[in-house]
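Some notes on the structure that comes next.
Owing to the predicted nature of the structure, the values given are computational and were not obtained by experimental measurement. Throughout, residue positions are numbered sequentially from 1 according to the sequence presented.
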Amino acid sequence: MATMINHVWVEQTLQVTEAQRDSADILVETEDGVWWRGSFVTIEFLQRQMYLSREIGKDIRNMAPVPFIALETPHIIVENLLQDTIEDTIDNLMTLGIFENVFSVYEEYIERT
């Protein structure tokens, strides 16, 4: 992918404490006008989801109370969700040529074209 980034949108304005432990959907507009969507998460967020799975498993018959998480879509795992961290990570993904492996074309963009 040789195109450049026009703009990066973070799902919501996160406070620093939330940015260090949560998840966010990210939209990226490239200079060719294509919009991309990616999911960013922190390790703390993944650990919290695993804990919740274990707690739910305790109350469901035939389900072992084991901490786990199943991710069906690609996620980018980062230390925090601060704007600089997200933008630098996107730049690195583009430099490595793997941006399109973890971002997908945003569905609303497809519907408009």
- Query: With hydrophobic residues grouped by side-chain heavy-atom distances under 4.5 Å, do Ile26 and Val105 end up in a single group?
  - Reply: yes
What's the spacing between [X] [atom1] and [Y] [atom2] if we round to 0.5 Å?
X: Ile98; Y: Asn92; atom1: CD1; atom2: CG; value: 9.0 Å
X: Leu46; Y: Ser23; atom1: CG; atom2: OG; value: 9.0 Å
X: Ile56; Y: Tyr51; atom1: CD1; atom2: OH; value: 11.0 Å
X: Ile5; Y: Ile90; atom1: CD1; atom2: CD1; value: 5.5 Å
X: Gln83; Y: Asp88; atom1: CD; atom2: CG; value: 10.0 Å
X: Thr30; Y: Met94; atom1: OG1; atom2: CE; value: 6.5 Å

- Message: So, using salt bridge (charged side-chain N to carboxylate O under 4.0 Å, His left out) as the criterion, who are the partners of Glu55 when residues are at least two apart?
- Response: Lys58
- Query: Does any N or O in the side chain of Glu29 come within less than 3.5 Å of the main-chain N or O of His7, such that one atom is a donor and the other an acceptor?
  - Reply: no
- Item | Backbone N/O of Thr85 and side chain of Thr89: donor-acceptor pair under 3.5 Å | yes
Would you give me the side-chain donor-acceptor pairs under 3.5 Å for residues 60-78, sequence neighbours excluded?
unit_1 : atom_1 : unit_2 : atom_2 : d
His75  : ND1    : Thr73  : O      : 2.7

- Task: Determine which pairs satisfy salt bridge (charged side-chain N to carboxylate O under 4.0 Å, His left out) with at least one residue from residues 33-42, sequence neighbours left out, and list them in order.
- Result: Asp25-Arg37
- Could you check whether the rings of Trp36 and Phe99 sit parallel, tilted or perpendicular, using 30° and 60° as the cut-offs? perpendicular
